[in-house]
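This report refers to the structure that appears directly beneath it.
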Amino acid sequence: MLVSLAPAQTSPPLPDRRDPDARRTESAIDSILAGLTPDEKIGQLIQYSGDWTTGPQGRALSTSQQDIVRAGMAGSLLNVFGSRATRELQRLAVEESRARIPLIFGLDVIHGFRTIFPIPLGEAASWDPGAVEKSARIAATEAASAGIGWTFGPMVDIARDPRWGRIAEGSGEDPYLGSAMAAARVRGFQGSSLSDHTSIVACAKHFAAYGGAEGGRDYNTVDISERTLRDVYLPPFKSAVEAGALTLMASFNEIGGVPSSANRQLLTGILRGEWGFDGFVVSDWGSIGELRAHGVASTSAEAARIALDAGLDMDMMSGCYRDNIASLLRDGRLRSSVLDEAVRRILRVKFRLGLFADPYRGVNPEREKTVLLSSHHLAAAREVARKSIVLLKNERNLLPLRKDLRSIAVIGPLADDREDPLGPWAGDGKPKDVVTLLEGIKRALPATTRVIYAPGCMLAGTDTAGIAEAVAAARQAETVLLAVGESASMSGEAASRSELDLPGRQKELVRAVQATGTPVVLILMNGRPLTICWEAENVRAILETWFLGVQTGNAIADVVFGDYNPSGRLPVTFPRSVGQIPYYYNHKNTGRPPVDSVKYTSHYLDLPSSPLYPFGYGLSYTTFSYEGITLARPVLGTGDTLSAAISVSNRGTRGGEETVQLYIRDESGGGGVTRPVKELKAFRKVRLEPGETVTVGFSLPVSALAFSGLDMRPTVEPGTFRLFIGPNSAEGLESGFRVKEKTAR
Ligand code: BGC
């Protein structure tokens, strides 16, 4: 028997007119709406991209853009920042337009504004929501000082296909970890009060299932079941909404034949109906116009009508709303109440951001100057960057290195690169702010150590001329740090790859340097899992550093020399080969689970079924051991909470942090619905000194075991559950518990 739980567990309520603040806001919106012309209402729905961006100095604004703002024909601008530029445009909006409605300035503040933090996939590897929240808070503080009131982040797309370049922008493959990171980033961006001048509005994107693109090719078709949509792709969005995210961005893709920008079930049914979201939805760049290419609209007027009716409130750059809404209203093809509702949602967000109280939000060039790249922000960026590094291999404890080395070779195309470590979507990040690996290593070492640098080869291309110099450098050194990987432009938007090994001639470089016999520490910089079987087999140590931002060199040096004991864990599976993709740890068992040596089971003839590195994996300079799972009660009712504990000890000689991960496997039978072989349900990061043992406890409400049942309602199936607690998704201790039938009263 299935036990159904109420559909939306903790939906925030729609604006409650009994709440005096909400009542005041809603009646203020009523009176604004009553005074607007149809054109001014349409203007609120339109977002233009500035064709200029300015720093603190500011520059002249184009006349046509000024006129658009004066005419009240823009509700929002994106890609315009800098205190002078935004103040001047805001002045035009609130002093020179008839309706005097403030603009909201949006920008992709994805992992920092000027102080660039690690790419989101890297930050997710910290498994530290507190650190991620802090990073978003600093990004918000900096962006707000430059006039930005709204970020197009967090990107919360679950990505199970590393060919998809946008995997770099999100938190990886897991709905639970992804939901924790989504909420942390929303809290960081929006702060404790949105009207605070350091807060900016968050935008959970891309709604929805954008990461499910067939073949990992950007913008491609997504065809997934409603169950997969609800249980895998939607949870981080729901988590963002529950954390208070006031906007969402519709995705480019279709899901099962319905493009997101035209998907009423998604934008209205689920988002507003089930989750009670009362903010607004913005399109992705031009996505309303793309409804024609998708084939669901034959004209741009049709596209505008379908999108607005579906619940898509703001048009980013397609021009469809601007060009068509007035005539759609005149012809009776669009109800004016639909337009009014969209305007209301946008104004509501502007009110909550405090724009009507203070349209300038305290923005001025002096504040901007002191806030950007402050020493406090740089220190936080170094802290988050070193937490994001994952130690993948450390044969015979090659790492950490001693600082009294006589010589070290720092080799590779990324060793002294100051552009790529910023990663994709780097806000107003500047290469000159980046501490390169070479610089970080030199700073950490005494002047007596000889540091030999050789780039070896380029990131891409066929030139091998520099490899000989790199080999010579390796021969002269006691140890090699070899920085290889991808360029920033190989991940992010429109950056899908069909091969995931080291591009260009970097594989040859690694082989040649490895052949010298000098011990090699491979330092990977990249926006996605790479297929590095040969390297994993042959080099002695590997650090996955993603793109770490402005503090790259300092953070890596901290880890290389043991000033920081690495604690990152993979937020995504590393496959052995592209042929295994999509590969994710929380897959289904199938009727014929893989046994590599047995024919007629679900496996490849030419590859082991295991990944190269599993989800949740990462080493430390110390060793942790796990003992004895204890459960407060092994039999639980559907309203109960599971209490589990495990004892974790540090058996090594250094203090370090362990991320204790709790997974379940639902063996109840799912009431006719299959369940994944493992699902992460909780984790805790603990610090242990050498010899220390701690008991790590978890409380898991039984309702958190719910999945979409046969009737698509959240369901907990009575029966047995296996419980795993350990250091990653492939290792750990095992226990079990039972959820009993609900007794009839
Ligand atoms: C991307 C979005 C981004 C927008 C604005 C689009 O191309 O898909 O993620 O927020 O541009 O820059």
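Any value given below was found using the heavy atoms of this structure, including those in side chains, with hydrogens, waters and symmetry copies removed. Computed from a prediction, not measured in an experiment: that's the story for all the values here. Ligands are counted one by one from 1 in listed order, and the atoms in each one are counted from 1 as well.
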Is a salt bridge present between [X] and [Y], judged by a nitrogen-to-oxygen distance below 4.0 Å?
| X | Y | answer |
| --- | --- | --- |
| Arg137 | Glu133 | no |
| Asp428 | Lys430 | yes |
| Glu486 | Arg497 | yes |

Subject >> Atom-level proximity to ligand 1, residues with heavy atom under 4.0 Å >> reply: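 Lining ligand 1: Leu78, Asp108, Phe152, Arg166, Lys205, His206, Met249, Phe252, Asp284, Trp285, Met316, Trp425, Glu493.
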
Subject >> Pair His197-Asp358, side-chain donor/acceptor within less than 3.5 Å >> reply: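 Side chains of His197 and Asp358: pair found under 3.5 Å.
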
Original post:
When the ring centroid of Phe152 is compared with that of Trp285, is the distance short of 6.0 Å?
Top reply: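 No, ring centres 6.0 Å or more apart.
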
Subject >> Axial cation check for Trp425 ring with Lys205, 6.0 Å and 45° limits >> reply: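 Here Lys205 passes the 6.0 Å and 45° test against Trp425.
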
